[in-house]
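Okay, so here's the structure we're looking at.
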Number of protein chains: 2
Amino acid sequence: MIRVFIVDDHPVVIEGIHSLLQNEKDIAWVGQAMNAASCLGFFVNNTADVVLMDISMPGMDGVELCAVMKEKYPGVFILGLSTFNQGLYIKKMMENGASGYILKNSSKEELITAIHSVNDGSIFFSGEVGQALEEYQKYSKTKLPLLTPREKEVLELIAEGYTNPQIAEKIFLSQFTVDSHRKNLLAKLNVKNTAMLIKFAVENKLL
Amino acid sequence: MIRVFIVDDHPVVIEGIHSLLQNEKDIAWVGQAMNAASCLGFFVNNTADVVLMDISMPGMDGVELCAVMKEKYPGVFILGLSTFNQGLYIKKMMENGASGYILKNSSKEELITAIHSVNDGSIFFSGEVGQALEEYQKYSKTKLPLLTPREKEVLELIAEGYTNPQIAEKIFLSQFTVDSHRKNLLAKLNVKNTAMLIKFAVENKLL
DNA sequence: CTACCCATCACCCGAAACAGTGATTCTTAC
DNA sequence: GTAAGAATCACTGTTTCGGGTGATGGGTAG
């Protein structure tokens, strides 16, 4: 018997999912909350196996609540819920310990598969969520300034810790040229020093 | 009907999975390969919906094959297989476009759930694999030198692009002190400049 | 053909980073 | 109570970075 708890600030969603699950004999509805605080309140004296959690809520949002819950109750599995495709938040919520993610309008079968998988300690992403993540990555890439092949080359060598003179020697250039590329990188990516350059590059998967 | 293809260099595994799946009426066994080359050969004139792929194989390994397959046939979903817990390779394979991961000794139910989920475009991780990933992360963290609170603080500010004098002003320290912390960071993390420091920090989730 | 971008090279200069060395205080652990 | 490490500060160099400015040649698209 899997004990399920839900946190969502939309009563409609709570009711909808409740009705989808009420005839499942191995799933027990143990409670619900409409904000982070009452969710945490519930867990003081009660528990659950799987928590369905909305991503956006007034006050503390799902991303933060997820981190707090996982900190206090590491054994509780969290399954994220969202109505729309929020790649960035999905990513953050996974980093905060969620075990999976589905859309609120997913089918009954998908919902139940997800709950079972998560309860077994598995990780489950619905297909639409996977697409959202991909689209988010593509989207962030289109917003990136285009780097020339030489610039990418120099960027990679900088990330590996080579200095301008070393890079120059390595790819047979004048150190002035390498310096030019380096300055162009800083300008194009709108950062002001090596630290920001590398951080930006890693975060945007340029390396 | 889900068309399943398997790539594994162990005949025992191929046979085992074949027998597990042969009575499933919505799963069709379309072929098998014992190395990357013959897998690629199969896909020249044939196709499949889901490919079960071993992580370690002679010649081109699963990680690489996964990248090649996804490049040539983006519509084919790849489900990773491994006998042991290889956190690092699992991570790499996911980065190369795999849709999920299970252990070879997983139950029939889990195998079938995984194939269905992946075929729907979802992402599925078996619980043991999730544990492997977690353990891998913990393991890599234990291998990390311990940074003091001050050092972490300085590290974060460096990553945000502040210079030593700016950091000194921001947290009310002498720039000499900040410089000391910075040098200790370089020494502890065994890197030789800011670029390597930030790259290392991001990769090891110190930021 | 000409305007534009890429790639190359050059120089100056101040600021920042990096290397080495050493010192003091304070807490924490044995 | 003392040994160890954290946190603080100090001085001196050398190297690298980053800003500014500008030049040349090659390819390409209008």
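By convention in this document, chain letters (A, B, ...) are assigned in the order of the sequence lines, proteins followed by strands, and residues within each chain are numbered from 1.
- The shortest distance between the side-chain N/O atoms of A:T194 and the OP1/OP2 oxygens of C:dA17 is not below 4.0 Å.
- Checked against D:dA7, C:dT8, D:dG18, the side chain of A:T177 finds its nearest nucleotide in C:dT8.
- Within 6.0 Å of NZ on B:K170 lie no more than 12 heavy atoms contributed by other residues, nucleotides or ligands.
- Per the geometry, CD belonging to B:E153 stands 15 Å off P belonging to D:dA6, to the nearest Å.
- Separating the CG atom in A:L52 from the CD1 atom in A:I6 is a distance of 5.0 Å, to the nearest 0.5 Å.
- For A:D179, whose side chain is taken as the heavy atoms from C-beta onward, the closest listed nucleotide among C:dC18, D:dG18, C:dC9 is D:dG18.
- One finds no side-chain N or O of A:T163 lying less than 4.0 angstrom from the OP1 or OP2 phosphate oxygen of D:dT15.
- Interatomic distance, B:Q175 CD to B:S180 OG, rounded to the nearest 0.5 Å: 11.0 Å.
- The side chain of A:L173 lies closest to C:dT8, out of D:dT8, C:dT8, C:dA19.
- Nearest nucleotide to the A:S180 side chain, out of D:dC9, C:dA10, D:dA6: C:dA10.
- The distance between atom CZ of B:F172 and atom P of D:dA7, rounded to the nearest whole Å, is 18 Å.
- B:Q175 places its CD atom 13 Å from the C1' atom of D:dT12, with the value rounded to the nearest Å.
- In the set C:dT8, C:dA19, D:dG19, D:dG19 carries the atom at the smallest distance from any side-chain atom of A:L186.
- Going from atom CD of A:E169 over to atom P of D:dT16 covers 12 Å, rounded to whole Å.
- Between the CZ atom of B:R182 and the P atom of D:dA7 there is a distance of 17 Å, rounded to whole Å.
- Side-chain polar atoms of A:S38 and A:N35 form a donor-acceptor pair below 3.5 angstrom.
- Distance from the side chain of A:F176 is smallest to C:dC9 among C:dC9, D:dC17, C:dA17.
- Every residue meeting the side chain to side chain contact (heavy atoms under 4.5 Å, CB included) condition with A:E24, not counting sequence neighbours, appears here in chain and number order: A:D26, A:I27, A:K108, A:I112.
- Taking 4.0 angstrom as the limit, A:N193 places none of its side-chain polar atoms (N or O) nearer than this to OP1 or OP2 of C:dA16.
- Using a cutoff of 4.0 Å between basic side-chain nitrogens and carboxylate oxygens, A:E95 and A:K92 are not scored as salt-bridged.
- A sub-4.0 Å separation between OP1 or OP2 of C:dA16 and a side-chain N or O of B:N164 is absent.
- Taking the side chain of B:R150 as heavy atoms from C-beta on, and the options D:dG18, D:dA7, C:dC18, the nearest nucleotide is D:dA7.
- Atom CG of B:N184 is separated from atom P of C:dA19 by 12 Å (rounded to the nearest Å).
- Taking only side-chain atoms of A:P165, from C-beta outward, the nucleotide of C:dC18, D:dT16, C:dC9 with the closest atom is D:dT16.
- With hydrogens and angles ignored, no donor-acceptor pair closer than 3.5 Å exists between the side chain of B:K183 and the base of C:dA17.
- The distance between atom CD of A:Q166 and atom C1' of C:dC18, rounded to the nearest whole Å, is 13 Å.
- OP1 or OP2 of D:dT8 sits under 4.0 Å from a side-chain N or O of B:H181.
- Note: NZ (B:K192) to P (D:dT15) measures 14 Å, nearest angstrom.
- Phosphate proximity of C:dA10 to A:S174: present, with a side-chain N or O under 4.0 Å from OP1 or OP2.
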